[in-house]
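Below: one structure, written as C-alpha cells.
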Protein chains: 2
Amino acid sequence: MKKKSLSANATFNNLPLEKQEAIIHETVREFAANGYQKASLNTIVKNLGIAKGSLYQYFRNKEAIFYFVFEEFTHRVKQTVKDGTGQERSADFFDRVKQVMLAAITFVDRYPDYFQIYLKVLFEHDVPRREELLGRVRLFSREYFGPLCEEAREKGVIRRDIPVATLIFLLDAFFDRFLQGYVQPYLDGGLGMAKMSRKELTVKIDEMIEVLRGGFVGEEAEKVKK
Amino acid sequence: MKKKSLSANATFNNLPLEKQEAIIHETVREFAANGYQKASLNTIVKNLGIAKGSLYQYFRNKEAIFYFVFEEFTHRVKQTVKDGTGQERSADFFDRVKQVMLAAITFVDRYPDYFQIYLKVLFEHDVPRREELLGRVRLFSREYFGPLCEEAREKGVIRRDIPVATLIFLLDAFFDRFLQGYVQPYLDGGLGMAKMSRKELTVKIDEMIEVLRGGFVGEEAEKVKK
DNA sequence: TCATGACATGACCAGGTGGTCATATACACG
DNA sequence: CGTGTATATGACCACCTGGTCATGTCATGA
C-alpha cells in the first residue's frame, strides 16, 4: 500500500523514502519536545540540514506539518491496539482491561515521542483543529471502554447499582493516569514505573486491576469482618 | 499580617493594594490562558494600561512574575484544604477522602485560573524551576493521602494484600482526573460534571467513592454470587 | 544540445518576544 | 520655594518566529 497524505504536498510524497522518514522523525521530535506553538520550524530545518523553503514545498504551513504528524500518530495507535487486543480475545472483563493496558504500554514504549505529542495537545489550548484531533483518539473511553462496560454490566460481571458512565469515567481516569505516570515520572506517585521491566509492570497492573475489581476494602478484609 | 514576597520588588509591595490586586489578577489571567512561555508581558501591560517599564520595576523579570503568582497559588491551596478538612475531622477513611475532594472542588470553583496555571505547569516542560514548584503541590499524594492510607491500612479498614503505594497511586489518579474532568469538559468522559450543582456533584462523588470502596464488582453482586 | 519542470535555496519580511534605560513626573520635606 | 527621591513611561534593542519568493540546480527526454 502506497503512502498518501492530504496534508503533505505531492512533492513530499515523491521524495525518497529515506528523506521522508528523516523529515518525519525530526518533526515528531521537535513537536514532542515543544508542543505545537513552541515548536520551531527553523530548528527543524537546521537539524535536517535543509532549507526552510524546502519544508514549505513539502507542506503548506506549520499547521499542515502538525496535522500530518498527528495522522501518523492515530494510525500507529489504532494499529498497536488492534495488534495487542485482537488475538486471544478473552471474554473476561478484567482480562480485557489488562490487555488494553498492555497494548498501550507497548505503544508508548515504541513511540514515546508520538505519545508526548498527544499529551501536549491535551493541555495546549490553541492547537489548530484540536477538538477534531483529540476526538479521534477518544476511542479509549467511549468506543472501547464503553461497550466493554455495558456488556459486563449486562452479564452481571460488574455492579449494577452504579451508573455505567461513572464506571467508565473511573476506568478512563485510571487508564490515563497510568500511562501518564509511566511516561512522566513525577506523576507516578513514587511508584517508579518508568524503570520497571515488562514483568514487574505486569505485576503492578495485576495489583491495580485487583483493586479495581474488589475495591480498597477487598474481599479478604470483607470476609474477616463478617 | 503584612504581605511580603521575595519574588516581588519593594516597589510592588509599596503600591496601593488596589493596584497590586489588579496586577495580580491580570497576570494570573494571562498565565492561566497561555501557560508560562506563551504568556505575553506586552498583553499584560496593555490590558492593565500601564507601561512595560513599570512591570519591570515591580518584578525582576518574567520568571519572577510567574514565581510570585505560583506562590499565591500554593498559599491559596493550603488555606482552602485546611479550611475544608480542618473542622469535623471525621475518622472514617472514605469520609476523609470525600472531604478532600470537596475542598478541592471548592478551590477550583473559587480560583479557576490558578488551577489552570497548575495544569499548564504540569504539562509544560520548560517552565523555570518547574520541579520545585510542582514538588510543593505534591502534598496531596504524599503528604495527605500517604498517611491517610497507612493509617487506614493499619486499622484494617482497607485491604492489606496490596502495597500501599499502589493504593495511593490509584487514589491520586482518581483524584487528579476528577478535578481535571471538572475543569476541562473534554476529560470528563461525557459525565458533564462542569455544569453540575454542588448537590449533584456530591452524589457523583459518593458514587465514585462507593466504587473505590467496593470495586467494580461491588458487594451486592458479590453476595448474590455466593 | 537544449528545453522543461521538479526540487532546493536562503535572503528577506512583518510582527512578535523579553528586557533596557534615559527621561519625565509627582510628591514629601526643609 | 527648591531639592531629592520614588515611581512611571514608552521608544528602543536584539532576537526569534512563521512565511515568501526570486533565483538556482539538475535530471530527464526529445
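Quick note on labels: first sequence line is chain A, next is B, and so on, each numbered from 1.
As a whole-Å value, the separation of A/Phe66 CZ from D/dG19 P is 14 Å. Rounded to a whole Å, the OH atom of B/Tyr56 is 13 Å from the P atom of C/dC21. We find that CG of B/Asn14 is positioned 14 Å from C1' of C/dC27, with the value rounded to whole Å. D/dA22 atom P lies 13 Å from atom CD of A/Gln57, rounded to whole Å. Look at CG on B/Asn13: it is 10 Å from P on D/dT7, rounded to the nearest Å. The CD1-P distance, from B/Ile65 to C/dT17, rounds to 14 Å in whole Å. Atom CD1 in A/Ile23 sits roughly 12 Å away from atom C1' in C/dA8 (whole-Å rounding). Atom CD in B/Gln20 sits roughly 14 Å away from atom C1' in D/dT7 (whole-Å rounding).
No close placement of the A/Phe70 and A/Tyr118 rings is indicated, their centers lying 6.0 Å or farther apart. Checked against the 6.0 Å centroid criterion, the rings of B/Phe68 and B/Phe12 qualify as a close aromatic pair.
Counting heavy atoms of neighbouring residues, nucleotides and ligands inside a 6.0 Å radius, atom CD of B/Glu132 exceeds 12 of them.
When side chains are defined from C-beta on, B/Glu72 does not count as touching B/Tyr111, because their heavy atoms never get closer than 4.5 Å.
Considering B/Phe115, B/Phe107, B/Phe31 as possible partners of B/Phe73, the one that fulfils the ring-ring contact (aromatic ring centres under 6.0 Å, His included) test is B/Phe107.
Side-chain N/O atoms of A/Thr11 include none lying less than 4.0 angstrom from OP1 or OP2 on C/dA6. At the phosphate of D/dA8, OP1 or OP2 sits under 4.0 Å from a side-chain N or O atom of B/Tyr58. Look at A/Ser54 and you won't find any side-chain N or O under 4.0 angstrom from OP1 or OP2 of C/dC7.
The cationic group of B/Lys62 lies under 6.0 Å from the six-membered ring centre of B/Tyr36 and within 45° of the ring axis, placing it in a cation-pi geometry.
The stretch residues 31-52 of chain B touches DNA chain D through B/Ile50, B/Ala51, B/Lys52, each having a heavy atom within less than 4.0 Å of the strand.
Judged by distance alone, the side chains of B/Asp95 and B/Gln99 never bring a donor and an acceptor atom under 3.5 Å apart.
For A/Leu15 and B/Arg60, each mapped to the nucleotide of DNA chain C holding its nearest heavy atom, the one lying further toward the 5' end belongs to A/Leu15.
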